[in-house]
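Below, read A as the first sequence line, B as the second, and so on, with proteins coming before strands; counting in each chain starts at 1.
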There are 2 protein chains.
Amino acid sequence: MTDPGFACCTPLSGASMSTEQAEQVAPLLKALADPVRLRLVSLIASSQTGEACVCDLNDAFDLTQATISHHLKVLHSAGVLDRDKRGVWVYYAVKPEALSAVANLFTPAALAGATA
Amino acid sequence: MTDPGFACCTPLSGASMSTEQAEQVAPLLKALADPVRLRLVSLIASSQTGEACVCDLNDAFDLTQATISHHLKVLHSAGVLDRDKRGVWVYYAVKPEALSAVANLFTPAALAGATA
DNA sequence: CAGACACATCGACGGGCGTCGATGTCTGCT
DNA sequence: AGCAGACATCGACGCCCGTCGATGTGTCTG
């Protein structure tokens with residue numbers, strides 16, 4: 001009966017990511033897991049003023065304005081971008097905290113089970 | 001006619017992520033953008049030996065063995081996990097390079113347009 | 001050889017996602 | 001007031017993804 005005491009694996013050390021934490025971080029990663037949104041974030045972050053308006057971002061893609069607006073909304077809802085309407089134009093800026101949170105997630109120490 | 005020379009935005013600095021790079025990294029993020037897969041990676045990384053067998057990972061979830069196997073395949077195909085079959089059991093191990101690649105992606109310097 | 005076990009693969013189903021055209025809302029100009 | 005431009009929102013469509021039960025493949029034991 002395949003003796004269970006003679007198991008296949010060393011028991012996991014147990015200090016891993018909790019289900020709650022995983023379900024909390026996954027949406028953030030899902031928001032970033034798209035080529036268009038990745039480029040959007042990169043474009044905004046690499047702009048001189050640290051922000052960019054939709055009209056210019058729209059020109060950088062072969063996509064409809066509606067699609068770009070949708071992607072920006074997703075990134076904004078995920079907490080990756082800040083939204084600031086000035087007059088007719090809307091400026092989006094990157095929230096560094098969100099990105100550094102992701103970066104810290106995949107640090108060796110964090111993976112070993114360190115509490116973020 | 002809203003003079004275009006009097007544009008809305010400072011032109012993007014241009015040193016942003018390329019389309020190719022975005023399309024190359026997105027699948028890696030997409031593989032990690034799932035609560036189950038996130039916990040799988042964390043479980044494996046936090047195990048004492050740095051690797052874990054499917055039978056044990058399976059017990060940590062309320063999901064079918066087929067589903068866990070599917071997730072492990074996705075992570076393996078994305079280059080996040082290494083696969084090593086020893087006898088009847090299969091051991092998965094985390095590839096640190098893949099995770100540090102993600103971590104470096106969201107470093108302030110990288111976002112500013114530095115070539116990875 | 002036959003059986004049991006570990007894991008992968010195969011359809012299949014439901015839901016979510018990316019994209020679009022069309023339309024709505026707000027702002028500024030004349 | 002009327003119009004034009006910037007951006008958001010609204011269905012709608014096709015496709016991919018997560019999950020499942022069932023089945024296949026390889027490995028060890030008796």
Quiz prompt | Residue closer to the 5' end of DNA chain D, K30(A) versus S69(A) (nearest nucleotide) | solution = S69(A)
Would you kindly give the [atom1]-to-[atom2] distance between [X] and [N], to the nearest whole Å?
X	N	atom1	atom2	value
W89(A)	dC26(C)	CH2	C1'	14 Å
D59(A)	dC7(D)	CG	P	10 Å
I68(B)	dG18(D)	CD1	P	12 Å
R86(B)	dC7(C)	CZ	C1'	15 Å
D84(B)	dC7(C)	CG	C1'	14 Å
L38(B)	dG18(D)	CG	P	12 Å
K73(A)	dG18(C)	NZ	C1'	15 Å
L81(B)	dC7(C)	CG	P	14 Å

Quiz item: Would a 4.5 Å heavy-atom cut-off, applied to side chains only, mark L105(A) and M17(A) as touching?
Solution: yes
Quiz item: Mind checking whether L32(A) and L99(A) have side chains closer than 4.5 Å, heavy atoms only?
Solution: yes
Nucleotide N/O to protein N/O under 3.5 Å, stretch nucleotides 20-27 of chain D:
{"from": "dC20(D)", "atom 1": "OP2", "to": "T64(B)", "atom 2": "N", "distance (Å)": "2.9"}
{"from": "dC20(D)", "atom 1": "OP2", "to": "T64(B)", "atom 2": "OG1", "distance (Å)": "3.1"}
{"from": "dC20(D)", "atom 1": "OP2", "to": "T67(B)", "atom 2": "OG1", "distance (Å)": "3.0"}
{"from": "dC20(D)", "atom 1": "O5'", "to": "T64(B)", "atom 2": "OG1", "distance (Å)": "3.1"}

For [X], answer base if it contacts any base atom (sugar-phosphate contacts may also be present), sugar-phosphate if it contacts only those atoms, and nothing otherwise; contact means non-hydrogen atoms under 4.0 Å.
X	answer
D34(A)	sugar-phosphate
R37(A)	sugar-phosphate
R83(B)	sugar-phosphate

Show every donor-acceptor pair shorter than 3.5 Å between a side-chain atom in residues 64-73 of chain A and any protein atom, with sequence neighbours excluded, or say none if there are none.
{"from": "H71(A)", "atom 1": "ND1", "to": "R37(A)", "atom 2": "NH1", "distance (Å)": "3.1"}

Quiz item: Shortest non-hydrogen contact from A52(A) to I44(A)?
Solution: CB-CG1, 4.1 Å
Which one, [options], comes nearest to the side chain of [X]?
X	options	value
Y92(A)	dA8(D), dT19(C), dA8(C)	dA8(D)
H71(B)	dA8(C), dG18(D), dC7(D)	dG18(D)
C53(B)	dC7(C), dC17(D), dT19(C)	dC7(C)

Self-check item: CD (E20(B)) with more than 12 external heavy atoms under 6.0 Å
Solution: no
Practice problem: Please name the residue in the list V94(A), L38(A), V41(A) that meets the side chain to side chain contact (heavy atoms under 4.5 Å, CB included) test with L75(A). | Solution: V41(A)
Practice problem: Treat each ILVMFWY residue as a node, draw an edge where side-chain heavy atoms are under 4.5 Å apart, and state whether V80(A) and V54(A) are in one component. | Solution: yes
